[in-house]
Amino acid sequence: MIDFKKELNPAQYEAAMTLEGPVLCIAGAGSGKTRTIVYRLANMVEQGVPAYEILLLTFTRKASQEMLHRAETLLGRGIGAVSGGTFHAFAYSVLRQHPPAGRENGLSIMDAADAAEALKYCKDLLGAGKGDKSFPKTATVMGMLSKSRNKERDIGDILQREAFHLAAYRNDIEAIAQSYAAYKQEHGLLDYDDLLFELEHLLSTRADLLEFYRQRFRYIMVDEYQDTNLVQSRLVQLLAGGHRNVMAVGDDAQSIYAFRGANVQNILQFPNMFPGTKLIKLEENYRSVQPVLNLTNAILEDAPAAFHKSLFTSRTGGSLPQLVKPLSDLTQANLVVNKIAELRSLYQPGEIAVLFRAGYQSYHVEMQLGKAGIPFRKYGGLKYSDAAHVKDVMSYVRLMLNPLDLPAFQRLAANVKGIGPKTGLKIYEASRMQNVAELDKALKKYPNFRKDLELVDTLRRQRLQPAEVLEEVLEHYRPRLMALYPDDYPRREHGLDQLVQIAATYRELDLFVSDLSLEDPNPEAAQAENHITLSTVHSAKGLEWDAVLIIDLVEERFPSKQALQKAEDLEEERRLMYVACTRAREYLGLFVPSSIYSRGGGGNEPASPSPFVRDLPVHLYEEWKENYTGGLARREYPQQRTMRLGSCAPQAPDAAMPASAATAMQKRSTFADAASASGMQTDEDGIPFATADDCIPKPASPSPRRLGFCTHKIFGRGKLVQHVPPDKYRVNFPGFGLKVIMEAYLQMED
DNA sequence: TATCGATCCCGCTCT
DNA sequence: GGGATCGATA
């Protein structure tokens, strides 16, 4: 028997023991959220709830697997067939049994790369933006489209709000969107968003099925609820609407997926969606030592938080987080690796992580780790299943399952010398229309492609296990692999062997294919015991390490430069910074390079510290600066800097420092407020903050108007310096330096 | 007319 | 390092 009362704190205990009725569990970072879910699962099993009546929706499949595994360990026995995974995987598992109208003969899931390809195809087909250099790129159009669907607003609305400068292309973008939708329908394809909407459609039009699934899943838990979007919340409502045994777990302060349509309002509205919701807050932090917690609390202090939390820890000791200022991002890599070498005497490699905003930022660190012989695993950034050879091999398999899958067909066709998109399409049409004469003619010309199609036909006739299918495809593909990648073909072949290993864990081919599209398997990362971790902050969500190093904490990188124009985007970056720092249990290192290598500037360009670092009270960290000789020197601060902002008043280091609720309510300060408050601030050497632009002499160009002053939502009032055709201005903002801003975001003064 | 190769520009996060 | 674009080639 598990002694729940002894092993959980009162709030956790209540959450784990309340099985009936709606529960909203607001779980601060490190507050034992996973533990609570695990114990709740165990409790359900002990109470005799059959495993197949439980649905556990999580953000990644890995997260749900780990929770189930831990629950089994706790119980000392298997708990059987709990349904667990992401919303998307759940949607697919239902839809494959009840395919939408017109999709009965095959239902392929498009991953992001497939979708982009299809969109480009539609764009070219329409000839949209041909010859227009400022027409948005495929990736941009895709982003707008996805936002429109995820936020359930029409495209014009999204353009208006998110990309005003593209508003003129509204009609073109809408036409592309329509063409893309038709393309998917015609070729039996579903993208990520379709999965959710099709499931909603199914459940809301088929009362019998809805009733079936309500009976089937009598207990539902949804993790990371703050990152669900509108349709996901409606799915929860549909599924739990009968019995109402549903627990949502999340933390509004850790919402980092608004860019993808996640809606923080969902978690705030949950009690309205399920009246009578029991609200439980987990506020004790078990993860981080006090100095780390003090710093993370300070990051959040300026942010408006709807469910106010005051995190406190019982963990004693720990040293101050370190703020390290390398001379450049190149030397940053050295310093990071040196620090890791040092940390390795204290921590296991698996307990050390380097985090960053975007995948490409870890490049130098990866190089230096390689040189130093320190093994690492990288999460986020490039995907395993994005690799060209993996996509090639999977195209055979996808074509087996869905003969209409044009992207897969085109991909195989394009690998044959002499076949491009047009010829590929011609052959596809001939084959689909059963135009034997033309098909035969074309295939005579390209015998290699005939072999490809014959292989697919042969495989389709047999009934092989997924791994066997892959073996067959691999044997066929190997010569082409060698021809296509003569230089690094062994590495790629190794990757394909891993693909077979993954396939071996499946019995159903379509589940293997869909899982691969829905979630990156990253086989390299699977056994990471002896490796340190490199990860994007997004991929680090829900994880923790003894030692965490965050790199590139400079303006335009973290926060990312595209988040500077809207206050709400900047708030999301702040939460992202919060998520990053709260991953650390004991050591937290913040790396702020003074310059960033850039090709455009022909070398290093100076960089300003990230506002998230700049705004931290100095007593919360110790600062180290790199000397020109390569060493690090501790920096002492003059006293007055500690008193800079009201919100940053020094506190006793051992105080639990919960920001009082009153303060937080009054201080719903946006970044704009914070920015103007620190508007005249200078850097510690007395030099006003400058952006890279300052250092590049710009020729004075004729301007269409007399330059005066303007106002920007975030940077405040600034002086117009130069018109940057067609629609931008270079503006000097006191305290922020020169920025190039779209005219649409500037309020001009006459 | 379609494909292929060289060059330029620009770089986010993910199911 | 990859996508878009443009000019050379079959």
Side-chain angles (χ1 to χ4, degrees), chain A residues 57-63 85-92 109-117 119-120 123-124 129-143 146-147 149-150 190-196 224 227-229 231-232 255-262 355-363 379-383 385-388 413-414 416-426 445-446 514-520 522 535-541 552 556-564 569 572-573 575-577 579-580 596-601:
Chain A
L57 294 170
T58 53
F59 206 67
T60 63
R61 185 176 46 212
K62 212 173 113 224
T86 63
F87 274 92
H88 293 85
F90 173 68
Y92 180 76
I109 296 173
M110 310 166 83
D111 63 21
D114 299 331
E117 221 164 289
L119 197 79
K120 179 167 175 8
K123 187 174 157 220
D124 290 348
K130 229 161 104 184
D132 180 353
K133 274 200 169 167
S134 52
F135 195 87
K137 294 209 203 124
T138 307
T140 311
V141 178
M142 189 83 241
S146 170
K147 268 203 173 141
R149 299 197 70 207
N150 276 293
L190 293 182
D191 64 20
Y192 289 140
D193 303 330
D194 294 328
L195 283 168
L196 303 179
E224 307 283 9
D227 285 323
T228 54
N229 65 14
V231 63
Q232 283 169 330
S255 152
I256 53 175
Y257 280 99
F259 74 91
R260 181 180 104 177
L355 304 184
F356 33 85
R357 177 67 179 78
Y360 71 93
Q361 289 170 2
S362 65
Y363 180 75
Y379 294 79
L382 290 173
K383 288 198 167 142
S385 48
D386 275 346
V416 178
K417 269 272 173 270
I419 305 185
K422 302 278 170 160
T423 314
L425 184 63
K426 228 189 246 167
K445 203 166 159 195
Y446 306 105
S514 65
D515 273 1
L516 202 63
S517 304
L518 290 175
E519 203 161 350
D520 199 60
N522 200 350
S535 176
T536 59
V537 181
H538 283 91
S539 295
K541 180 162 104 156
D552 276 2
E556 307 216 329
R557 291 231 173 166
F558 201 157
S560 110
K561 76 166 159 223
Q562 40 269 76
L564 290 176
D569 288 346
E572 176 145 315
E573 299 286 311
R575 293 189 297 268
L576 197 57
M577 176 71 178
V579 168
I596 291 281
Y597 177 78
S598 123
R599 243 159 310 191

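Separating the CD atom of A/Glu573 from the C1' atom of B/dT13 is a distance of 8 Å, rounded to the nearest angstrom. One can place CD of A/Glu556 at 13 Å from C1' of B/dC12, the figure rounded to the nearest angstrom. The CZ-P distance, from A/Phe259 to B/dT15, rounds to 9 Å in whole Å. For A/Asp552 and B/dC12, the CG to C1' distance is 13 Å, given to the nearest whole Å. Computed from coordinates, the A/Lys137 NZ to B/dC8 C1' distance equals 11 Å when rounded to whole Å. In this structure, the OH atom of A/Tyr360 is 17 Å from the P atom of C/dG3, given to the nearest Å. Atom pair A/Leu119:CG and C/dG3:P shows a separation of 14 Å (rounding to whole Å applied). Between the P atom of B/dT13 and the CG atom of A/Leu355 lies a distance of 14 Å, rounded to the nearest Å.
A/Ile256 comes within contact range of no nucleotide atom at all, as no heavy-atom separation falls under 4.0 Å. Across all strands, A/Ser560 comes closer than 4.0 Å to base atoms (heavy-atom distances). Among the heavy atoms of the strands lying under 4.0 Å from A/Tyr257 are primed sugar atoms or P, OP1, OP2 only; no base atom is included. Counting non-hydrogen atoms under 4.0 angstrom, A/Gln562 reaches a base of the nucleic acid.
Among B/dT13, B/dT15, C/dA4, the nucleotide with an atom closest to any side-chain atom of A/Thr60 is B/dT15. For A/Thr138, the side-chain atoms get nearest to C/dA4 when compared with the rest of C/dA4, B/dA2, B/dG11. Closest contact between the side chain of A/Lys417 and the listed nucleotides B/dT13, B/dC4, B/dT15 involves B/dC4. In the set B/dC14, C/dA4, B/dC4, C/dA4 carries the atom at the smallest distance from any side-chain atom of A/Lys120. Considering only side-chain atoms of A/Arg357, the nucleotide from C/dA4, B/dC14, B/dT13 that sits closest is B/dT13. Closest to the side chain of A/Thr423, out of B/dA2, B/dT15, B/dG11, is B/dA2.
A tilted orientation is assigned to the rings of A/Phe59 and A/Tyr257, their planes being inclined by 30° to 60°.
Using a 4.0 Å cut-off between charged side-chain N and carboxylate O, A/Lys383 and A/Asp111 make no salt bridge. Classification of A/Glu519 and A/Lys62 as a salt-bridged pair fails, no side-chain N sitting under 4.0 Å from a carboxylate O. Taking a cutoff of 4.0 Å between a charged side-chain nitrogen and a carboxylate oxygen, A/Lys120 and A/Glu117 do not qualify as a salt bridge.
A close approach under 4.0 Å does not occur between any side-chain nitrogen or oxygen of A/Lys541 and OP1 or OP2 of B/dT13.
Proximity of A/Gln562 to A/Phe259: side-chain heavy atoms (C-beta onward) are nowhere separated by under 4.5 Å.
Of the two residues contacting DNA chain B, namely A/Leu576 and A/Ala414, the nearest-nucleotide position lying further toward the 5' end is that of A/Ala414. Mapping A/Phe87 and A/Pro421 onto DNA chain B via the closest heavy atom, the residue that lands nearer the 5' end is A/Pro421.
Heavy atoms of other residues, nucleotides or ligands lying less than 6.0 angstrom from OH of A/Tyr360 number more than 12.
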